[in-house]
Number of protein chains: 2
Amino acid sequence: MDYYSKQINQLVEALSLLPGIGSKTAQRLAFHILNMPKQDVERLASAISSARNNVRYCKHCYTLTDDDVCPICKDQSRNHKIIMVVENTRDLVAYEKTGKFEGVYHVLHGAISPMLGIGPDDIKLKELMQRLQGDIEEVIIATNSSLEGETTAVYLSKLIKPTGIKVTRIASGVPVGGDLEYIDEVTLLRALEGRTEL
Amino acid sequence: MDYYSKQINQLVEALSLLPGIGSKTAQRLAFHILNMPKQDVERLASAISSARNNVRYCKHCYTLTDDDVCPICKDQSRNHKIIMVVENTRDLVAYEKTGKFEGVYHVLHGAISPMLGIGPDDIKLKELMQRLQGDIEEVIIATNSSLEGETTAVYLSKLIKPTGIKVTRIASGVPVGGDLEYIDEVTLLRALEGRTEL
């Protein structure tokens, strides 16, 4: 329905592709953008394309970052022998915010899900196994406590155990079915302290 | 808090400036954008800046459009002697969707609001009065039935009456306090049919 002009329609359609943005919200956002100062609009547009073009995976831990190596992997004061495995960069940030974890991370970018057809090769598992050939003392599995997260944790522990490296899982202080990034920091810390060997 | 990389932070901050987008939603959108195909991201970024740079006011009715004159004002099959006054382009589209109004529009881009310090000079009122020097039979005031919309309607009718042009107000089929763009088409039509002379 072309009730709006072509440019406005294109903007509304592009915004509707974002998750959680329906057509009414997209229209509201579009008209807000049309009334924003030009430099704010340019900043938004360039932030979008520049982030997409410049953000890449850290070559060690695969978190999303601006450089080849992320600040955490670069930080020599952290314990590089302890690796916490998380599903995505937002989960990494959730643990970073507790300020108490001194090891490094490995970001899988997903979890094994037979339902969605996501297998071990579709997440950064091979890359983790390669890192484990170095001098590693412990792998803490901090995938979500969802079905997919648990499946991934079991799969990972079976894979790592033969290497002799200690494998732990964050405690079930994390509510079952919950999503790591939305949990309060105290609960996250309790889950870290109560981790058990798999 | 710089838990994310600079580029991701800039993207999250830019998205947070949009209405109704809090910091959690902005993060979710940002990570979605980072995972979108590059050409979709480019389309979104260019739709944003191109709409902002190219959309302008129609020089007759002041709706937002791509050309100097909007398709409705260009359409010679419409009755250019009947002008419906609305607060914004979304309200215009709400009436266009009924498919039954054959006149043209005038978009005020706001309503008089002493509370917010918006006076008659801050909306496209002068421009409307200029149009009324032409051959006009009727002005239908279709501002929202909010306090500001009603204030604007009363102000407008007092301004137009001395010119001898018929002034009408859409009927109160529109729920008091409601916002035109969210109302169903049947109610909008009833309000149009039941309009009364001011």
Side-chain angles (χ1 to χ4, degrees), chain A residues 1-15 17-21 24-25 27-38 40-56 58 63-67 70-71 88-90 92-94 96-97 109 181-182, chain B residues 1-15 17-21 24-25 27-38 40-56 58 63-67 70-71 88-90 92-94 96-97 109 181-182:
Chain A
M1 301 286 221
D2 278 12
Y3 293 109
Y4 292 114
S5 79
K6 198 167 149 248
Q7 300 264 359
I8 299 178
N9 270 332
Q10 281 172 348
L11 178 55
V12 171
E13 275 164 29
L15 291 168
L17 293 179
L18 297 173
I21 310 281
K24 274 283 171 198
T25 309
Q27 284 174 36
R28 195 162 47 84
L29 292 177
F31 281 97
H32 181 88
I33 287 168
L34 291 173
N35 283 312
M36 270 163 68
K38 276 201 181 180
D40 286 1
V41 174
E42 281 316 315
R43 202 183 306 143
L44 173 63
S46 76
I48 288 171
S49 61
S50 151
R52 179 62 184 84
N53 288 322
N54 296 317
V55 171
R56 67 202 88 173
C58 165
T63 191
L64 291 166
T65 186
D66 299 349
D67 300 309
C70 76
N88 57 53
T89 299
R90 279 173 293 172
L92 177 158
V93 167
E96 255 331 79
K97 282 184 179 163
H109 291 284
E181 62 172 311
Y182 295 107
Chain B
M1 301 287 222
D2 276 11
Y3 294 109
Y4 293 113
S5 79
K6 198 167 150 249
Q7 299 265 359
I8 299 177
N9 269 333
Q10 281 171 347
L11 178 55
V12 170
E13 274 163 30
L15 291 169
L17 293 179
L18 297 173
I21 309 281
K24 276 282 171 195
T25 309
Q27 284 175 35
R28 196 162 45 85
L29 292 177
F31 282 98
H32 181 87
I33 287 168
L34 291 173
N35 282 311
M36 270 163 68
K38 275 200 182 181
D40 286 1
V41 174
E42 281 317 314
R43 202 181 308 143
L44 174 63
S46 75
I48 288 171
S49 60
S50 150
R52 179 63 185 83
N53 288 321
N54 296 316
V55 171
R56 67 203 86 173
C58 166
T63 191
L64 292 165
T65 185
D66 299 348
D67 300 310
C70 76
N88 57 51
T89 299
R90 281 172 292 172
L92 177 158
V93 167
E96 258 328 82
K97 281 184 180 161
H109 292 284
E181 62 171 311
Y182 295 108

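Chain A is the first sequence line, chain B the second, and so forth, proteins listed ahead of strands; every chain is numbered from 1. Just so it is clear, the structure is predicted and the values come from calculations on it, not from any experiment.
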Does any heavy atom of chain B fall under 4.5 Å from the side chain of [X], the backbone, both, or neither of them?
| X | value |
| --- | --- |
| A:Val55 | side chain |
| A:Leu64 | both |
| A:Glu96 | both |

Select, from [options], the one with the greatest count of heavy-atom pairs under 4.5 Å involving chain B.
| options | answer |
| --- | --- |
| A:Ile33, A:Leu15, A:Thr63, A:Val12 | A:Ile33 |
| A:Pro19, A:Ser50, A:Ala30 | A:Pro19 |
| A:Asp67, A:Asn53, A:Ile21, A:Asn35 | A:Asn53 |

Give, for atom CG of B:Leu34 and atom OG1 of A:Thr89, the distance between the pair rounded to the nearest 0.5 Å.
8.5 Å
How about [X] and [Y]: do any of their side-chain heavy atoms sit closer than 4.5 Å?
| X | Y | result |
| --- | --- | --- |
| B:Asn88 | A:Phe31 | no |
| A:Arg43 | B:Gln10 | no |
| B:Leu18 | A:Leu44 | yes |

Considering only heavy atoms and a distance below 4.5 Å, find which of [options] pairs most often with chain A.
| options | value |
| --- | --- |
| B:His109, B:Arg28, B:Lys38 | B:Lys38 |
| B:Leu17, B:Ile8, B:Val41, B:Leu29 | B:Val41 |
| B:Asp40, B:Thr25, B:Ile48 | B:Ile48 |

If you compare all heavy atoms of A:Ala47 against all heavy atoms of B:Ala14, which two are closest, and at what distance to 0.1 Å?
CB-CB, 4.1 Å
Neighbour count >12 (heavy atoms, 6.0 Å) for atom NZ, B:Lys24:
yes
Look only at the side chain of A:Asp66 and the backbone of B:Ser5, and say whether a donor-acceptor pair between them is shorter than 3.5 Å.
no
Ignoring hydrogens and angles, tell me if any N or O in the side chain of A:Arg52 forms a donor-acceptor pair with the backbone of B:Met36 under 3.5 Å.
yes
